[in-house]
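Here is the structure we will look at.
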Amino acid sequence: MINCILVTPRTLYQVLDETARVHGDAPALRQPAPDGSYLVYSWNQYRRAAEEIAAGLRTLGIAKGDVVALNSETRLEFYLADLGILTNGSIAAAMYPNYPAPDLVRTIQSAGARAVFVEDPKTLQPLRGAPAAHWILLTGEAEGAISLDALRKLGRDALAGDAELLARIRSGVSPSDTAILYLTSGATGEPKMALVTHQSVVANIDMGPEALPLGPRDSTVAFLPSAHIAQRVVMEFLPMRSGMPVTFFESLLKLPQDIRKVRPTILLAPPRMWERIYSTICTELRKRPAAIRQGFYGALGLGLAAARYRREGKPVPARIRVTLALADRIFFRKVRSRFGGRLRVAASGAAPLSKDLAEFYEAIGMPISEGYGLTEGGVVSLNPGDHPKPGSIGKPLAGVEITFSDDNEILVKSPCLFSGYLNDPVTTAEVLRDGLLHTGDLGHADSEGYVFITGRKKELIVSSTGKKIYPSRVESLFKMEPLVSQVLLIGDRLPYLTALFTINLTVAESLKGMEQWKGRPSGEIAQAPPVIAEIQKAVVRVNKQLAPFEQVRKHRILGRDFSIENGELTATMKVRRTQAMENFRESIDELYAGRE
């Protein structure tokens, strides 16, 4: 299963330089300001900032091959600093700013970072114990740190005083040099540090135009953490190659307004966001009169039927097409307008998207293109925009080959593979063997070449009776229940399956009979009789879709969501199963007390 594409080796600075030569003063980056205006950088300004930052780093003594860390939310200044580091030939190591400070300090130390870019003085303060030679503030000023503006001035002065400096920096960096140090999410163990070359990244974004054609007339809103490969490749480097302007979000609370204001043509979001939007729609419907609810669900049925015809390559019958057009104007267009009305590519990445959720969005006229990528392999596959298949991760990108081992593990051969884990040759050799990346994901391909993931090897549940259960499949069914926020399936080497649930508080408070619990602490809301009853109904509904050995026998409703702070979630909202189970060991033990 392989397609071919010609790739021209070059560095990421060369990609930016190519785009600046073509698009010049066209907008590249837009950062919202508190007064509602935007700070806008053109491609020429973007390139010049990268050059100044590179020269500034050289002036500070930061050389090619030195690791430079970044700890910031995704914003314009992050992009400038990132490209400045890469232009200098240094290695950019972005961190997840919402991780606990002690973890970030250990990461800075383990990576051997000589300099650290931090978002602001508040972000800097808890990191000062880390052994970095230089602290650089993207915004604001603080004692013992240099501001981004001051660093750029150092660079400007150095470039003005040495006409050959930029040429020497550029000629000293080659496509085969390491560009990025990625932190793995740590969903199935301790985070690792993966090294990726310029050429691996460039090869990946060179696959973009065929799979995801973008250009200057497109637009997007970037809000995912830049430490994650999906955000870095798809929302930073791919727009840089294609000339697409990127607008940054003001805050997560204002993200819906930002999206409506920007009216993006492409939006990349994790499944968690698509799930939340679906839950909001369901909650709003519950408040509407019965006639409107029936009308919406009838329209949804028509949308699902039309989607099935299209997937099978058949014309949609007139009786469905005509009625659906009317229903679309009444119901679905209002949903799509929340995204600004121009969205042509809704993409999902960073975690698996459930098949049912994908079918819902396809039915309302907003099909989601789910892709698949990993830190060690770059972006590997994507659903074709004109023919997505819900439940699949699409087809391999041009130049990527996917095969399967005897036990159905997905194996990847690609020019985008990582070089190895930092200072960890043993683990590197475990995943990179004979030119193939052993992903740890299990899956299969259908007759049309679409790839489907069934689960993670490390997460496979084998019951005490020998039955094999893929938790992601069962958990994805529960995530279609609006009241369910998060779910953790348990049952490895145990006689039956159980589950821990966390609840969507907004949905919970909207349930009938919840009036007296509104505004109460989450722990009390979770144990309110209407919530307990609705979760029990959800378990019954989902169990009907499962084989007997997959069904949830017992469950507990937790008083809070899983969180990053407590180590139960990665920065991309994937559950760290081992840590979550450890934190709620008492609840789990109760589920198996006096086994049935």
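Numbers for residues simply follow the sequence, beginning at 1.
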Arg217 CZ: over 12 foreign heavy atoms closer than 6.0 Å: no
Glu141 atom CD, over 12 foreign heavy atoms within 6.0 Å: no
Please check if the side chain of [X] supplies one atom and the backbone of [Y] the other of a donor-acceptor pair under 3.5 Å.
X	Y	result
Tyr46	Pro27	no
Thr502	Gln486	yes
Arg114	Ala133	no
Ser37	Ala33	no
Glu401	Lys413	no
Asn88	Ile62	yes
Ser522	Gly559	yes
Thr265	Arg344	no
Arg263	Gly340	yes

For the pair [X] and [Y], find out whether any cationic side-chain nitrogen is under 4.0 Å from an anionic carboxylate oxygen.
X	Y	answer
Arg152	Asp149	no
Arg21	Asp17	yes
Arg168	Glu164	no
Glu77	Arg75	yes
Glu250	Lys261	no
Asp424	Lys192	no
Asp162	Arg58	no
Glu52	Arg156	yes

So how far is it from [X] [atom1] to [Y] [atom2], rounded to the nearest 0.5 Å?
X	Y	atom1	atom2	value
Leu12	Glu236	CG	CD	8.5 Å
Met366	Arg336	CE	CZ	9.0 Å
Ile410	Lys457	CD1	NZ	11.5 Å
Ile205	Ser242	CD1	OG	9.0 Å
Glu73	Asp120	CD	CG	9.5 Å
Ser219	Ile266	OG	CD1	9.5 Å

Stepwise side-chain contact (heavy atoms from CB on, under 4.5 Å) test for Leu70 and Met95: CA-CA 6 Å; Leu70 301 107; Met95 302 187 296; over 6 Å; no
Between [X] and [Y]: side-chain donor-acceptor atoms closer than 3.5 Å:
X	Y	value
Glu119	Asn71	no
His438	Arg433	yes
Glu51	Tyr13	yes
Tyr41	Gln31	no
Ser174	Arg10	no
Asp441	Tyr372	yes
Ser176	Thr197	no

Given Leu238, Leu224, Val345, the one that forms side chain to side chain contact (heavy atoms under 4.5 Å, CB included) with Leu268: Leu224
Audit row: Asp66, Ser90, side-chain hydrogen bond (donor to acceptor under 3.5 Å, both in side chains) steps and yes/no: CA-CA 5 Å; Asp66 286 341; Ser90 302; 5.6 Å; no
Aromatic ring pairing Trp43/His23, orientation class (parallel under 30°, perpendicular over 60°, tilted between): tilted
Hey, does [Y] have a side-chain heavy atom less than 4.5 Å from the side chain of [X]?
X	Y	result
Pro100	Glu565	no
Met240	Val15	yes
Thr139	Leu148	no

Stepwise side-chain hydrogen bond (donor to acceptor under 3.5 Å, both in side chains) test for Ser485 and Asn504: CA-CA 5 Å; Ser485 177; Asn504 183 321; over 6 Å; no
Ring centers of Phe248, Tyr79 separated by less than 6.0 Å: yes
Heavy-atom pair with the smallest gap, counting every atom of Leu80 and Ile53: O-CD1, 3.4 Å
